[in-house]
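No experiment lies behind these values; they were computed from the predicted model shown. Note that these values count all heavy atoms, side chains included, but never hydrogens, waters or copies made by symmetry. Convention: sequence-line order gives letters A, B, ...; per-chain numbering from 1.
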Number of protein chains: 2
Amino acid sequence: QGTRDHAPAQVALRDRLLSAVVSCFKRHGAAAIDTPALELREMLVGKYGEGSKLIYELQDQGGELLALRYDLTVPFARYLAMNKITNMKRYHVAKVYRRDNPATTRGRYREFYQCDFDIAGQFDPMIPDAECLKIVHEILSDLQLGDFVIKVNDRRILNGVFVVCGVPESKFIPACSTVDKLDKMPWEEVRSEMVGEKGLSPEAADRIGEYVQLHGGLDLIERLLQDPKLSQNKLAKEGLGDMKLLFEYLTLFGITEKISFDLSLARGLDYYTGVIFEAVLLQQDNEHKEELVNVGSVAGGGRYDGLVGMFDPKGRKVPCVGVSIGIERIFSILEQRLEASGEKLRTTETQVLVATPQKHLLAARLKLISELWDAGIKAEMLYKKDPKLLKQLQYCEDTGIPLAAIVGEQELADGVVKLRDVATRQEVRM
Amino acid sequence: QGTRDHAPAQVALRDRLLSAVVSCFKRHGAAAIDTPALELREMLVGKYGEGSKLIYELQDQGGELLALRYDLTVPFARYLAMNKITNMKRYHVAKVYRRDNPATTRGRYREFYQCDFDIAGQFDPMIPDAECLKIVHEILSDLQLGDFVIKVNDRRILNGVFVVCGVPESKFIPACSTVDKLDKMPWEEVRSEMVGEKGLSPEAADRIGEYVQLHGGLDLIERLLQDPKLSQNKLAKEGLGDMKLLFEYLTLFGITEKISFDLSLARGLDYYTGVIFEAVLLQQDNEHKEELVNVGSVAGGGRYDGLVGMFDPKGRKVPCVGVSIGIERIFSILEQRLEASGEKLRTTETQVLVATPQKHLLAARLKLISELWDAGIKAEMLYKKDPKLLKQLQYCEDTGIPLAAIVGEQELADGVVKLRDVATRQEVRM
């Protein structure tokens, strides 16, 4: 349940998509690492908030207690700590596992690819963070997925908001996860969840509401930096200062048009400590043609300065920021688009079919195809002793092989091969 | 235990190796499929003989009982049966999982890559089988791993040998697994295991010994076809006839020099039904310089005509033959060789570092690097506001970046960039 086989046409599409993503990661100078799909269970505990109950555990068959990785970020942090690496720009493309309720039409599976790019190291503020947003912008533009917006916020600003609204610290995380639902439900419902389920006071909820419904650009940052309450909170002030710097860098990258500073963005994972972001695709609303509506998140990430320290015996911290591209959702969009277009992707790269027009010529085919393979040419033949020529040419048409190399009795006697262009039916002897 | 992280240099080497293998598979017209790492437990039961106890099982957390795949062959057979595919040439490169005793210096891990190529379908005898051997020959030659031999046998011949030597059918499989040890221990020890542990009669063991110590080429096949006992056994006769045909095709491919018909080859897995083969690397013996000794198996495979039928509700059979390349062992050989050579693999593909020679030029760097990325150029910069030029050039040398694009105050004023060749220190303004 919640997993799937990929048929050749799907692998071909997926490989095309992954190669666009990996090209971008390489363009930004990242090196690849790989870690096992299995991690020690204790390494994954307490890193994912409510997600922890979705971790796949292995049966105790003796030896270590294992689990399947839930994401690529925690294994990366473990890798850095284990190898005492304090400075690294890496990408990692691999499958992760979550015992979630699958929603396969929207591209949500229990086994799915993640494509992560992260920058670890002690650097000047917001320079690596800005690059992560540039990467999201490049990939979503490259893939021509339509209009999108990248929402940006900062955990420090959110925490500052909770403090100045009178939320006790113990309720920051539950409040956070409720705020995060503002993109899916109206404020009234979010408010009643805060007061009802999460036990916040109605006054606190109303005060939070004034902040988290705000979104904008540099102007909003400036306004909040002047906000009489928020500007008094150290964390929020730091976060807002860094957000201003981030917008400065994004302006130099020329991408602020797609960026929205959005105070309702909270993201679910426990480990974020600074900037957080999420890219969503926009589509014309069917009812109100002029409005664009959110049709789903396709990338997300943020800063997690404390995670590596949790794996280091001495708690040494390595600041990190990174982004994860939601390849499965993008894949299901491209798959639907391909289906609608009726285009057929080739699933093999075969250049030539070695064919014979008469019987008793298997030996000639085997000799010729062997020569072609040894010369690095992608070649196939039918696995029959005496196939009909028509069947052989039909195979070319069905699988998109552009050429047929035909050896008949005459060609054998003359020491030549007849090369046929399958589409035009033109033939040359060579 | 028995798993490992791959650092960037290892991923770079592994990707180079995998790409050589995949190139060969594509040269032979295979399409790629992908299946989940998780399979239903019941799908894996009874397919692997003694290997079954090495299957990783997942904990029962509600829902289906799952296990990690043990190889890529059984998932392929399940895929064919589920999708009612009767004809397919596919490759699959992915990780598999075995709770084995790891021997990491010899490249044996609990999580490891398999690279499989298989041909499914009802075809004329030995044509696809010969292609599998050609593929092994191409890959091992391409990778320049030194001398090798591909041992070939047929399960039908082995079963025929057991029959004519008076082994009861219930003891075929245990006898098979003992015969398989002949490459690691002398006949005397194998014989005593047969008689002792496996309960064969001393006479049967002696008769088996006369056959399984034989290896050779076409001459041996001809001799056994005349063997008064073996030629009376239907299965053995079929197997020998096909073996003769196989050698004919391999002669046309020009690769018989590396092929040895070896009656001791048995292979461990239950599902083989016809031709089986295994490629081993040879090295000069340290004591007897003129002799070549087996230093390990690097590829193996065979025909399994019954496996797909085990997954089909109506038991419909799809004949299959395939090969698996032992990438981990090859990887550990190449890794040791690379280490010995002192060569350093680049782990990134960065073409240019964007650098500044004075302070307060971060904006100029961000603007230039953004232009380069947008033009598809692989570019990096240091994540510092004001890095020293020397540090920036040092970074190029450390990571192998060939060019530095330098923008200083003068270049900014002149509207140019200074492009520096890091190795020669030559500079041009452009």
Note: Pro36(B) and Thr3(A) closest approach over all heavy atoms is CG-OG1, 3.5 Å

Check the surroundings of atom NZ in Lys359(A): do more than 12 heavy atoms from other residues, nucleotides or ligands lie under 6.0 Å from it? no

Going by salt bridge (Lys or Arg N to Asp or Glu O under 4.0 Å), Asp5(A) matches just one of Arg78(B), Arg69(B), Arg90(B). Which one? Arg78(B)

Portion of Arg346(B) that has a non-hydrogen atom of chain A nearer than 4.5 angstrom: neither

Below 4.5 Å from any heavy atom of chain A, which atoms of Ile119(B) appear? Answer side chain, backbone, both or neither. side chain

Is chain B contacted by the side chain of Lys134(A), its backbone, both, or neither, given a heavy-atom distance below 4.5 Å? side chain

Per-residue contact mode, Leu40(A) against chain B (heavy atom under 4.5 angstrom): neither

Could you look at Ile55(A) and say if it's the side chain, the backbone, both or neither that has a heavy atom under 4.5 Å from chain B? backbone

Within the 3.5 Å criterion, strictly below it, is a donor on Gln59(A) or Tyr56(B) matched to an acceptor on the partner's side chain? no

Could you tell me which portion of Ala130(B) (side chain, backbone, both or neither) has an atom closer than 4.5 angstrom to a non-hydrogen atom of chain A? neither

Indicate yes or no: does Lys95(A) engage Asp34(B) in a salt bridge with an N to O separation below 4.0 Å. yes

Can you tell which part of Ala32(B) gets under 4.5 Å to a heavy atom of chain A, answering side chain, backbone, both or neither? both

Measure the shortest side-chain to side-chain distance between Lys26(A) and Thr350(B) over non-hydrogen atoms and say whether it is less than 4.5 angstrom. no

Side chain / backbone / both / neither for Leu353(B) at chain A, heavy atoms under 4.5 Å: neither

Heavy-atom pairs under 4.5 Å with chain A: which of Met82(B), Arg99(B), Glu349(B) has the most? Arg99(B)

Report which part of Leu68(A) has an atom under 4.5 Å of a heavy atom belonging to chain B: side chain, backbone, both, or neither. side chain

Backbone N or O of Gln1(A) within a donor-acceptor pair of the Glu64(B) side chain at under 3.5 Å? yes

Shortest non-hydrogen contact from Ala37(A) to Tyr97(B)? CB-OH, 3.3 Å

Among Lys384(B), His28(B), Lys367(B), single out the residue with the greatest number of heavy-atom pairs under 4.5 Å to chain A. His28(B)

Option that, when pairs with chain A are counted at under 4.5 Å, heavy atom only, ranks first among Ala67(B), Ala31(B), Gly63(B), Ser23(B): Ala31(B)

Show the numbers, then the answer: is there a side chain to side chain contact (heavy atoms under 4.5 Å, CB included) between Tyr383(A) and Asp124(B)? CA-CA 6 Å; Tyr383(A) 300 121; Asp124(B) 282 328; over 6 Å; no

Contact origin within Glu131(B) toward chain A - heavy atom pairs under 4.5 Å: side chain

When the 4.5 angstrom heavy-atom criterion is applied to Met88(A) and chain B, the contacting part is side chain

Regarding Asp374(B) and Arg27(A), does a basic nitrogen lie under 4.0 Å from an acidic carboxylate oxygen? no

Most heavy-atom pairs under 4.5 angstrom with chain A, which of Ile369(B), Leu66(B), Val11(B)? Val11(B)

Region of Ile401(B) that comes under 4.5 Å of a non-hydrogen atom in chain A: neither

Chain B contact via Glu39(A) - which portion, at a heavy-atom distance below 4.5 Å: neither

4.5 Å side-chain heavy-atom contact, Glu57(A) and Gln61(B): yes

Check each atom of Glu111(B) against the heavy atoms of chain A and say whether the ones under 4.5 Å are side chain, backbone, both or neither. side chain

